Amino acid sequence: MQKSKRKQEITIIILVIFILGLGLLFFIDFHNTKESVTSAESDNTSSTKNNLDGALSRSSNLGINNLSENKTKLLHNKNAKLLENHYIGAYIGVSNNQIKFSGQIGYSNVASKNRFALDSSFLVGDNYQMFVNNAILLKLASNKKIRLNESLESYLGTEHSMLGKTTIKDLMLNEDHFVVRKSELNKLTISVNDLKRLRRSSETTSNEISANEILECILISHVEKTTYNKAIENLVVAPLGLANTNVVVNRIMNLNDVRSYKYVLSDGIPVQSKELNIKNLYKQKHLLRMSISDIALFTNNTFSGKYFSKKYLNLFKKTVTDIDVSGGTDNEYVIQSKGNGQYLTIDTNRNGTKFFIVLTNFKNKKLSDRKVATDFYSLLS
């Protein structure tokens, strides 16, 4: 009788253990399934947020068309006008993180017969480099590495009296102006040692250029305790996953580096036949190259406030207003930048949800870049 009772107890214990085991397996399976669903949802969210990044990385070719049938006809008409005027360059139109259209005419490098592509790397020029530097300074402020209302002297040293009481914010908004002689450009090291070559001045003579952009490069380099080139890698390239952004630091020209060409006519037709010598630009140690796709991504991330804290977005837009040539349009910015025979024009709405970028290495004398930008931007409406 006792043996029978003991067998019963053992059987009950085994059943209880079996039921608990089944419950544990069910819990683990449910938990894993939930994690898989959550992960999939997270991946979906991520892919939505990075539509532009994905679209730009899928192909390097220009010639995309995601417009409606009616707008496609308009696009063809506008391209015909470019051809008629022998316009040379590359362009891309973006709306809501999607490439709506893109195209190109001519060569990024005539000698190697390279046509323009999304990875064609342009010298971004004066104003867009200022645009990039201002965004970097706001990122440094977001990371609490600098305070925008503090003086330049507090970071670069009080022995440089020409800096006066100018704050970082003043520099970003061009409240104060600094210049450097053109003959000094190849002597720059983009360090505090260069400050002796700069001077404060409200006017720029014919043998000088504005040094505000250079001063920002020096500040970024000094705060990061590294070269300006390395600072660009750490603060721009790595965080945004850019592929073709760098400072010109040597004579080596990469295959995708865009060359510059003088305006030359052959039988009355503009041709890319006379290349400008830009191989010594590395001596200036601060000139920035960016590909078409990298410019698009950086522009998108800055205007949306993803690159730095959104609390600085209004200040950033004030800095853009300073270089805006739209003529005071309330809902639009037009940024034009040039340097060493290469030209960049961006037409964008104020929040960066739609923008058109056109770049050229051969200045057209019949059709202005601004006119091209205005004309093609209208396709994004």
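In this text the structure is predicted, and so the values were computed from the model without any measurement.
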Inset, instruction - Mind checking the CD1-CG spacing from I295 to L56? Nearest 0.5 Å is all I need. - result: 11.5 Å
Inset, instruction - Indicate yes or no for a side-chain donor-acceptor contact from R115 to the backbone of G106 under 3.5 Å, with no hydrogens or angles considered. - result: yes
Inset, instruction - Applying salt bridge (Lys or Arg N to Asp or Glu O under 4.0 Å), name anything that partners D126, two or more places apart in sequence or on another chain. - result: none
Inset, instruction - Please step through side-chain contact (heavy atoms from CB on, under 4.5 Å) for the pair V180 and L185, ending with a clear verdict. - result: CA-CA 8 Å; V180 61; L185 289 175; 4.0 Å; yes
Inset, instruction - For side-chain contact (heavy atoms from CB on, under 4.5 Å), just list the numbers for I88 and F116, CA-CA rounded to whole Å, side-chain angles, deciding distance to a tenth of an Å, and then say yes or no. - result: CA-CA 10 Å; I88 289 169; F116 295 106; 4.0 Å; yes
Inset, instruction - Verify, without hydrogens or angle tests, whether N301 (side chain) and L297 (backbone) share a donor-acceptor contact under 3.5 angstrom. - result: yes
Legend entry - Within-4.5 Å side-chain heavy-atom neighbours: L163 and L156: yes
Inset, instruction - Compute both the distance and the angle, then confirm whether K285 meets the cation-pi test with Y228: under 6.0 Å from the six-membered ring centre, within 45 degrees of the axis. - result: no
Legend entry - Distance-only donor-acceptor check, side chains D119 and N256, under 3.5 Å: no
Legend entry - Results of side-chain contact (heavy atoms from CB on, under 4.5 Å) for S291 - residues two or more places apart only: N244, S293, D294
Inset, instruction - Look at the aromatic rings of F101 and F376 and report parallel, tilted or perpendicular, splitting at 30° and 60°. - result: tilted
Legend entry - Aromatic ring proximity Y91/Y377, centre distance under 6.0 Å: no
Inset, instruction - State, without any angle test, whether S68 and N70 hold a side-chain donor-acceptor pair at a distance under 3.5 Å. - result: no
Legend entry - With D170, the side chain to side chain donor-acceptor pair (under 3.5 Å) member among T166, T167, N174: T167
Legend entry - The single option from V258, I278, L276 passing side-chain contact (heavy atoms from CB on, under 4.5 Å) against N361: V258
Legend entry - N/O donor-acceptor pair under 3.5 Å between T360 side chain and Y343 backbone: no
Inset, instruction - Compute both the distance and the angle, then confirm whether R350 meets the cation-pi test with Y333: under 6.0 Å from the six-membered ring centre, within 45 degrees of the axis. - result: yes
Legend entry - ILVMFWY cluster, V236 and V320 together (side-chain gap under 4.5 Å): yes
Inset, instruction - Return the set of residues passing side-chain contact (heavy atoms from CB on, under 4.5 Å) with N65 (not counting sequence neighbours), or none when no residue passes. - result: L67, T72, L75
Legend entry - Chi angles and distances behind the side-chain contact (heavy atoms from CB on, under 4.5 Å) call for K81, L367: CA-CA 9 Å; K81 186 177 179 180; L367 192 59; 4.2 Å; yes
Inset, instruction - Looking only at non-hydrogen atoms, find the nearest pair between K310 and G305 and report the distance. - result: CG-O, 3.5 Å
Inset, instruction - State whether E233 and K230 are salt-bridged, where the test is any N-O pair (Lys NZ or Arg NE/NH1/NH2 against Asp/Glu carboxylate O) under 4.0 Å. - result: yes
Legend entry - Inter-residue atom distance M290.CE - T245.OG1, 0.5 Å rounding: 3.5 Å
Legend entry - Within the 6.0 Å centroid threshold, strictly below: Y107 and F362: no
Legend entry - Nearest atoms (heavy-atom pairs only) where L137 meets M172: CD1-CG, 3.8 Å
